[in-house]
Amino acid sequence: MINRLHVDLAGIELASPLVLASGVMGLSASSLERVAELGAGAVTAKSCGLEERKGHPCPAILPFGFGLLNAVGLANPGVDEMVAELRAFRLLSDVPVIASIFGKTVEEFPEVAARIAEARPAMIEVNVSCPNVAGEFGQPFSSDPALVGEITRLVRARVSDIPISIKLSLQCLSLAQIAKACADNGADAITAINSVGPGMIIDPNVRRPVLANRMGGLSGPAILPLAVRAVWEIAAAVSLPIIGTGGVETAEDVVQMVLAGATAVGVGTAVYTRGLEVFSTINSDLHVFMQERGITSLSDLKGAAHV
Amino acid sequence: MINRLHVDLAGIELASPLVLASGVMGLSASSLERVAELGAGAVTAKSCGLEERKGHPCPAILPFGFGLLNAVGLANPGVDEMVAELRAFRLLSDVPVIASIFGKTVEEFPEVAARIAEARPAMIEVNVSCPNVAGEFGQPFSSDPALVGEITRLVRARVSDIPISIKLSLQCLSLAQIAKACADNGADAITAINSVGPGMIIDPNVRRPVLANRMGGLSGPAILPLAVRAVWEIAAAVSLPIIGTGGVETAEDVVQMVLAGATAVGVGTAVYTRGLEVFSTINSDLHVFMQERGITSLSDLKGAAHV
Amino acid sequence: MSEYMQTYQVKRVLTHNEGLKSFRFDRVIEAAPGQFVLVWLPGADEKPFALSGVFDHEIEITVKAVGPFTKQFMNVKAGDWVGLRGPFGNGFQPIEGMVLVGGGIGNAPLRYLAQCLREEKLLFRWVIGVKTAEDLAFRDELASMPEVTIVSEDSSIGKKGRAVDVLAAMNDHEPIIVLAASGPEPMLLAVHGFANTFSPDIPVQLSFERYMKCAVGICGQCCLDGTGLRVCVEGPVLSGHQLQGVTEWGRPHRGPSGRRPTQKQAVHHD
Amino acid sequence: MSEYMQTYQVKRVLTHNEGLKSFRFDRVIEAAPGQFVLVWLPGADEKPFALSGVFDHEIEITVKAVGPFTKQFMNVKAGDWVGLRGPFGNGFQPIEGMVLVGGGIGNAPLRYLAQCLREEKLLFRWVIGVKTAEDLAFRDELASMPEVTIVSEDSSIGKKGRAVDVLAAMNDHEPIIVLAASGPEPMLLAVHGFANTFSPDIPVQLSFERYMKCAVGICGQCCLDGTGLRVCVEGPVLSGHQLQGVTEWGRPHRGPSGRRPTQKQAVHHD
Ligand SMILES: Cc1cc2nc3c(=O)[nH]c(=O)nc-3n(C[C@H](O)[C@H](O)[C@H](O)COP(=O)(O)OP(=O)(O)OC[C@H]3O[C@@H](n4cnc5c(N)ncnc54)[C@H](O)[C@@H]3O)c2cc1C
Ligand SMILES: Cc1cc2nc3c(=O)[nH]c(=O)nc-3n(C[C@H](O)[C@H](O)[C@H](O)COP(=O)(O)OP(=O)(O)OC[C@H]3O[C@@H](n4cnc5c(N)ncnc54)[C@H](O)[C@@H]3O)c2cc1C
Ligand SMILES: Cc1cc2nc3c(=O)[nH]c(=O)nc-3n(C[C@H](O)[C@H](O)[C@H](O)COP(=O)(O)O)c2cc1C
Ligand SMILES: Cc1cc2nc3c(=O)[nH]c(=O)nc-3n(C[C@H](O)[C@H](O)[C@H](O)COP(=O)(O)O)c2cc1C
Ligand code: FES
Ligand code: FES
């Protein structure tokens with residue numbers, strides 16, 4: 001039987017286009033393996049930085065009716081611990097694992113990348129959506145094409161033998177421009193988008209923001225149209241493969257992402273809204289969708305909505 | 001009986017904090033009056049430009065489960081027709097009416113403002129969220145602090161005797177910076193936010209974007225946390241009154257907006273999600289909320305969540 | 001179906017004549033007669049059409065070619081994908097003793113109304129007015145219906161005349177309990193006028209058309225001057241009571257910009 | 001209640017002793033014993049607590065002061081606003097012949113389980129182990145319950161010893177059908193070990209604790225090494241079957257960063 005769901009993501013063979021998004025069930029080898037077993041084509045680990053960080057107090061992750069708000073504050077066990085978990089994962093599973101890294105400064109990015117590369121992940125995702133503490137308004141690195149280009153270049157220079165994907169956020173003036181900065185500086189792929197906003201929920205009785213960090217990024221079904229548009233704009237600007245991420249819950253959502261130009265599709269918050277069975281459900285629904293229409297490969301749909 | 005819901009918005013007395021948002025039921029004197037009768041404290045007319053525009057074909061307004069996507073393409077009857085409707089409205093109703101204007105160029109803004117001023121609206125809202133055709137990436141005027149400041153200054157210079165509110169969108173790098181540009185150039189108020197995104201929905205069968213314009217702005221409950229955060233940031237940056245707009249459907253949503261720093265609260269998409277009775281429902285729920293807690297004026301709650 | 005966009009394949013096309021066709025879709029919905037759907041032709045536009053029939057597993061609309069969109073619609077074939085949303089608005093209420101009055105393509109929703117009346121075993125009569133025999137859809141089906149009276153302006157089918165002309169005689173023959181009308185606005189106003197000559201008035205249910213963009217009551221495009229009623233939500237079928245206070249009857253409709261053209265600018269079809 | 005944040009006023013506070021209190025809220029929910037809620041102290045943090053009782057119009061949690069958050073919780077008074085979300089996770093299944101084994105504050109969910117067992121008229125026994133009499137909540141209530149056996153490590157109340165120590169004798173007296181345990185992890189493992197000495201094993205339902213951030217199964221913070229089971233979703237009550245394959249029993253728990261401290265770094269309360 002042909003596997004209609006097979007995709008080639010920057011040279012990595014995935015048995016399904018579904019990629020577990022970073023930050024979800026991604027702290028340990030065991031949790032990643034559980035998701036891999038349940039049908040993800042690849043799994044992304046939680047973003048890690050140079051050092052261990054406890055992050056913000058709770059509430060840090062807040063359901064709000066249309067998805068989640070999250071502000072975990074870069075909580076992560078540190079790159080060394082993550083190397084150990086990724087190594088353990090690779091002993092357990094053949095499913096490609098994507099490492100995710102961030103830096104507090106531009107210079108930290110290549111440093112963390114070089115260290116995580118020791119675990120030989122299938123890909124390194126570079127999360128540039130964290131706030132640039134050096135910047136005038138605390139905007140994320142991802143809002144500045146020059147910084148995104150520079151980070152890409154530095155990481156590329158340190159890690160030549162593992163594909164790198166730059167993870168973008170909506171918070172910029174032109175995604176096309178940012179995507180070009182990635183392409184021009186040697187990225188192999190783009191992951192779009194990170195959580196949106198940020199947003200804030202205030203409790204009317206207590207009269208203060210509910211999130212300990214006051215504000216946090218939106219994810220889940222409410223952001224799907226924003227993510228589809230982002231993928232569309234990036235696909236129109238560069239020819240890099242895209243991991244289309246944001247609000248995907250169903251096979252039809254996956255098809256939207258692919259029609260907009262995605263090669264693979266990230267799934268994060270749906271683990272909460274739909275449960276872990278979301279991976280197998282989407283895989284089988286997607287198979288039926290393609291079979292009914294005689295589509296043998298997702299690459300036939302890729303970018304097809306650019307009319 | 002005291003009217004707990006009374007607010008003073010830049011010198012305009014409103015019997016309720018609820019302001020009908022621009023673009024909703026706002027084309028004619030009769031539709032505006034209907035909403036005024038149903039409990040809005042003020043009503044905003046549809047944004048108009050110098051000339052009549054048919055806008056995009058349909059689908060231009062698309063429900064998507066968490067609100068609407070809209071891309072009406074600046075459809076409007078032209079400022080002269082709007083002057084006639086606003087005059088007709090003022091004969092029908094004492095409820096304050098807010099005119100809304102846009103320009104295709106920076107220079108058009110004061111021109112349209114001067115003409116709409118002939119109808120003597122209670123306030124003129126300056127919608128700077130339309131795309132700046134002259135800009136490099138087609139970004140909205142509202143993304144550039146210099147342009148927003150310039151538009152504010154020009155409109156203020158032409159219209160000195162009617163309060164002006166600048167309507168902002170999320171699409172910028174720093175709302176605080178944009179808000180300061182409004183305050184520094186003589187704005188009396190800020191309306192925030194316009195619809196978010198844009199977003200895109202692709203039909204999996206037809207394989208093309210559903211909106212005729214491909215993409216359109218998100219509105220409705222899904223954007224409430226984004227709007228609350230925007231109001232928070234603006235309130236922290238400037239002391240202008242804010243018409244907090246975006247996703248408001250309930251009295252608790254209104255309280256969130258006021259706690260974040262809003263003086264009045266816009267209601268748009270809720271006319272679709274909750275029906276026109278949303279104004280009277282919120283008014284009475286809000287009254288009960290305040291009464292139960294012994295709050296006699298919304299100004300006691302204003303900005304109270306800035307802890 | 002719902003207000004969310006969904007695409008369906010056209011199941012079959014019934015050609016009444018070159019510029020008048022019915023389209024059926026595999027779709028089960030709950031809809032009152034007189035309610036409408038928005039129909040999206042990908043790449044073209046999206047426009048409102050009344051349901052002309054609801055069957056066990058199918059729904060049907062009937063389209064008359066009058067302008068760019070409806071002309072393009074005549075090329076739609078079985079198997080084509082089309083977007084459908086709805087049903088929207090408030091429809092007719094089937095009542096025993098109802099008289100249906102339709103003008104031209106306005107008879108489309110009345111066909112579904114007649115279907116409902118028959119299913120509920122309510123007695124009714126139906127006057128169909130057309131300009132010329134060509135404008136008549138479902139001719140064979142109608143020929144077999146004893147309740148139906150057809151009139152045409154050029155006497156190419158049935159008696160010569162307009163639908164409203166025969167109402168007085170029908171009422172003499174057997175009193176009209178309620179009037180349900182759909183068609184050009186002058187016809188609707190004539191029906192309303194006729195109903196008002198009685199005391200008490202004959203209750204009316206009249207189906208109006210206005211330019212529509214959202215169909216969910218938000219854009220304000222279809223609001224009626226004088227009352228602000230939304231044809232897409234409170235209508236399209238309005239009662240005599242709801243008509244009170246409306247000041248724009250018979251005037252040219254607001255176009256896509258929201259501006260109401262002067263009488264001269266307005267282009268009238270039908 | 002639901003996974004969305006809602007704030008409630010504390011209705012009353014029951015002080016068992018300075019560092020051990022129960023809090024009641026005006027709230028009706030459907031929850032199984034062993035399920036937990038997230039409790040938000042505005043300005044401080046949000047942490048998981050099991051329900052210690054569900055009454056006609058009230059729910060209750062019982063908090064033991066062990067660190068910064070729970071110490072601050074001791075200052076919460078009636079009328080204070082607190083955020084509550086839940087219930088989360090999977091709880092105990094009440095079964096006739098169940099033996100409840102609780103260690104310290106772990107007895108809180110067992111109190112609700114006992115309540116359910118009594119309501120369903122199922123026979124059960126309950127062994128309560130505490131370090132010292134001070135650690136015992138609901139002392140008067142428990143004194144009147146014939147099903148309860150209390151043991152303490154310092155013999156300040158009941159016999160001296162640990163809860164697990166009395167299980168063999170209880171089983172000799174009347175066979176244990178199921179074991180439901182909640183308390184420090186070493187105790188849970190001892191109960192599990194005891195159950196495994198039988199053939200076939202005595203089925204166990206053990207309530208675990210892990211650092212939690214989301215309680216909705218997404219952050220991965222509470223996942224168990226070896227299986228990836230989420231204590232917040234599949235747990236906190238896990239069966240013997242679910243325990244198979246878990247490789248981290250008794251090791252220090254992952255902290256808020258996700259890192260597992262070395263044995264030395266780990267600070268143990270309880
Ligand atoms: C509630 C309702 C039910 C309708 N039911 C039917 C039906 O069953 N069968 C049928 O053939 N037609 C029906 N129509 C009319 C149909 O929508 C128009 O014929 C069609 O939109 C014309 O588009 P066009 O581009 O072909 O012509 P145009 O030249 O663009 O317009 C011709 C006429 O249609 C009107 N029209 C155009 N666009 C719209 C729009 N978006 N909304 C409302 N009116 C519009 C114009 O005002 C003009 O009077 C209905 C209209 C409404 C409002
Ligand atoms: C499912 C579950 C049910 C619980 N039920 C109760 C109960 O009914 N009564 C009660 O008093 N306590 C209960 N706890 C434990 C309670 O959550 C901790 O005592 C509390 O979080 C300690 O916070 P602290 O700041 O006071 O202490 P800290 O000094 O921060 O921590 C003390 C201990 O509590 C653990 N802990 C701290 N934060 C968390 C967290 N966010 N999630 C999980 N564990 C944490 C630490 O790992 C440490 O072992 C439960 C825990 C879980 C997971
Ligand atoms: C709880 C949570 C934690 C997240 N942590 C990270 C992270 O560490 N690194 C990252 O790049 N993205 C992180 N994200 C963003 C997701 O990877 C994803 O881009 C976003 O949530 C949109 O996808 P979704 O709607 O499918 O969740 C996180 C999202 C959530 C909900
Ligand atoms: C159909 C539609 C049309 C709109 N047209 C305008 C407009 O002309 N001018 C404007 O400033 N905002 C316009 N808006 C934005 C609203 O005024 C409002 O800022 C936004 O929808 C968020 O509020 P809501 O979630 O309450 O709708 C429009 C919104 C919708 C849904
Ligand atoms: S069509 Fe938009 S309000 Fe009726
Ligand atoms: S606490 Fe987040 S997965 Fe369990």
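Just so it is clear, the values below take in all heavy atoms, side chains as well, and ignore hydrogens, waters and symmetry mates. A note on names: the letters A, B, ... follow the listed sequences, proteins ahead of strands, and every chain is numbered from 1. This one's a predicted model, so the numbers in the text were calculated from it and none came from an experiment.
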Which atom pairs, one a donor and one an acceptor, fall under 3.5 Å between side chains of residues 217-237 of chain A and the rest of the protein, sequence neighbours left out?
from, atom 1, to, atom 2, distance (Å)
Ser219(A), OG, Thr269(A), OG1, 2.6
Arg229(A), NE, Pro198(B), O, 2.6
Arg229(A), NH1, Glu233(A), OE1, 3.4
Arg229(A), NH1, Glu233(A), OE2, 3.4
Arg229(A), NH2, Pro198(B), O, 3.1

Chain A contact via [X] - which portion, at a heavy-atom distance below 4.5 Å:
{"X": "Leu211(B)", "result": "neither"}
{"X": "Val307(B)", "result": "both"}
{"X": "Asp203(B)", "result": "backbone"}

Quick one: CG on Leu259(A) to CG on Asn205(B), what's the gap to the nearest 0.5 Å?
10.0 Å
Can you name the nearest heavy-atom pair linking Cys172(B) to Leu173(A), along with the distance?
CA-CD2, 4.0 Å
Can you see which heavy atom on Leu301(A) is nearest to which on Arg207(B), and at what distance?
CD2-CZ, 3.3 Å
Identify which of Val206(B), Ile201(B), Leu69(B) forms the greatest number of heavy-atom pairs closer than 4.5 Å to chain A.
Ile201(B)
Counting heavy-atom pairs closer than 4.5 Å to chain A, which one of Arg293(B), Glu252(B), Arg214(B) comes out on top?
Arg214(B)
Options Ala260(A), Pro204(A), Ser143(A), Gly65(A), ranked by heavy-atom pairs under 4.5 Å with chain B, top entry:
Pro204(A)
